[in-house]
2 protein chains.
Amino acid sequence: MFPALHFPHLKPALIYGLAGGLLIAVLKYIEYQHFVRAYPTELYGGLLALIFTIIGIHVGLRWTRRREPLSEPQPFATNAETVREIGITPRELEILGLIAEGLSNREIGERLFVSENTVKTHSSRVFEKLGVNRRVQAVQKGKDLGLIP
Amino acid sequence: MFPALHFPHLKPALIYGLAGGLLIAVLKYIEYQHFVRAYPTELYGGLLALIFTIIGIHVGLRWTRRREPLSEPQPFATNAETVREIGITPRELEILGLIAEGLSNREIGERLFVSENTVKTHSSRVFEKLGVNRRVQAVQKGKDLGLIP
DNA sequence: CTCGAAATCACCCGAAAGAATGACGACGGA
DNA sequence: TCCGTCGTCATTCTTTCGGGTGATTTCGAG
């Protein structure tokens, strides 16, 4: 949806923008209170947006919920000690899991909303930490070490 | 693990928030242009609800997307029966086993005293018969079907 | 405040993988 | 004998991987 866009200084700008918008909204609210008005339209809009976004998420999930519970017997807890021992990060573990599912780097990037280059960087580090140089080997070793189911 | 300390989808969330803010700003602008007077407020509410419901559905599905489980191993089919069912040959099974060990096509060829091209031909046929197009997927499916340990 | 870890992204380049063909010999059953 | 399967190998082409390097941003610890 949005992953192709790139804004390096997005967060501070957004924070400032939101802060400013919030301030304006508060002022407007107070002003409107002076005029004994109802809530400002912007507030209604935001509330509507928020509420219906949540509703949309719930509805969407409900529509596509699989009927058969898809037997998932073992929740599988990753071997935390091994993770710490070899110094693998959560993100790298995530990439390893997706590699084990047979996804290409591009598909992983699309799934995680990051670029393919980022996925390649992560996978390279995973290979390095696991001491392998091919993804099939990484999957095998990851399973042996209890990093992935 | 510690999912609370990790925000893998921060960027889309920020962009999403920005988009919402922009939409509100646009609506506000329109209102200030007195265009809003031409339409009942309910219309705007409905539009907002619709738009953000769609966005919510999309975002929700996007964030929770999961691939279909591509196989359901039949409990009655033994190794040999599965082999016969999908018509995989002994040689192809051998190549699949070596792929599962993390060997490259060149290494497989050296181990079996055949050319790399031959290995690629076999692996292509294996992929075709298993309905996959990557070796990690082939290994996964081969294990699901009981073709390889 | 400085420093380092983590995550992100980019660019380059060579190697590996995979898709699509075509071909050839051996072997076994109809 | 003819036909089909299997194993073998080649060529061409495109895509994907993997290694290497460098950069930025964010965040938390010291």
Side-chain angles (χ1 to χ4, degrees), chain A residues 2-15 83-84 86-96 98-139 141, chain B residues 1-15 83-84 86-96 98-139:
Chain A
F2 307 122
L5 302 178
H6 181 223
F7 301 120
H9 302 85
L10 177 62
K11 193 175 181 184
L14 183 62
I15 291 178
V83 168
R84 194 165 27 78
I86 62 181
I88 198 169
T89 72
R91 195 57 154 176
E92 289 164 357
L93 208 53
E94 200 174 4
I95 266 75
L96 178 58
L98 294 176
I99 287 178
E101 291 182 10
L103 301 183
S104 69
N105 289 336
R106 183 181 308 275
E107 290 166 342
I108 295 175
E110 289 170 358
R111 177 85 64 97
L112 299 181
F113 304 104
V114 298
S115 82
E116 183 183 349
N117 289 315
T118 303
V119 177
K120 290 169 74 173
T121 302
H122 285 312
S123 65
S124 290
R125 283 198 232 279
V126 170
F127 295 165
E128 186 183 347
K129 290 174 180 175
L130 291 182
V132 300
N133 50 4
R134 268 187 284 280
R135 27 183 67 209
V136 177
Q137 294 174 344
V139 171
K141 193 141 192 175
Chain B
M1 289 207 307
F2 312 102
L5 301 178
H6 188 224
F7 300 101
H9 305 308
L10 179 61
K11 186 175 166 186
L14 290 179
I15 298 178
V83 168
R84 190 179 39 78
I86 64 182
I88 198 169
T89 72
R91 196 58 157 174
E92 289 164 356
L93 208 53
E94 199 174 5
I95 265 76
L96 178 58
L98 294 176
I99 287 177
E101 290 183 10
L103 300 183
S104 68
N105 288 335
R106 182 181 307 272
E107 290 166 343
I108 295 175
E110 290 170 356
R111 171 127 11 146
L112 299 181
F113 302 105
V114 298
S115 83
E116 184 183 349
N117 290 314
T118 303
V119 177
K120 290 169 81 170
T121 300
H122 284 312
S123 64
S124 288
R125 282 199 236 278
V126 171
F127 295 165
E128 186 183 349
K129 288 174 180 175
L130 291 181
V132 301
N133 48 7
R134 269 186 281 282
R135 35 181 65 211
V136 176
Q137 293 174 343
V139 170

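Quick note on labels: first sequence line is chain A, next is B, and so on, each numbered from 1.
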Answer yes or no: is there a side-chain heavy-atom contact under 4.5 Å between F127(A) and R135(A)?
yes

Nucleotide dT24(D), atom P - distance to CG of N117(A) in whole Å
16 Å

Check whether any side-chain N or O of R91(A) sits under 4.0 Å from OP1 or OP2 of dT8(C), and answer yes or no.
yes

Gap between atoms CZ and P, on F127(A) and dC17(D) respectively (whole Å)
9 Å

Between CD of E116(A) and P of dT16(D) the distance, given in whole Å, is 7 Å

OP1 or OP2 of dA7(C) less than 4.0 angstrom from a side-chain nitrogen or oxygen of T89(A), does that happen here?
yes

Whole angstrom is fine here: how far is it from CG in N133(B) over to C1' in dT14(D)?
14 Å

So which one's nearest nucleotide on DNA chain D is more toward 5', R106(A) or T121(A)?
R106(A)

Does dA16(C) have OP1 or OP2 sitting under 4.0 Å from an N or O in the side chain of N105(B)?
no

What is the distance, rounded to the nearest whole Å, between atom CG of L98(B) and atom C1' of dA17(C)?
16 Å

Spell out, as yes or no, whether a donor-acceptor pair under 3.5 Å connects the side chain of K129(B) to the backbone of G87(B).
yes

Please report the distance, rounded to the nearest Å, between CD in E92(B) and C1' in dG18(C).
16 Å

Could you check how far NZ of K120(B) sits from P of dC9(D), rounded to whole Å?
14 Å

Under 4.5 Å between any side-chain heavy atoms of V119(B) and L112(B), yes or no?
no

Check the phosphate of dC9(D) against T118(B), side-chain N and O only, distance under 4.0 Å to OP1 or OP2. Yes or no?
yes

With a 4.0 Å cutoff (strictly under), does any side-chain N or O of H122(B) reach OP1 or OP2 of dT8(D)?
yes

Reckon R134(B) has a side-chain N or O less than 4.0 Å from the OP1 or OP2 of dT16(D)?
no

Do S123(A) and dC17(D) share a donor-acceptor pair, side chain to base, under 3.5 Å?
no

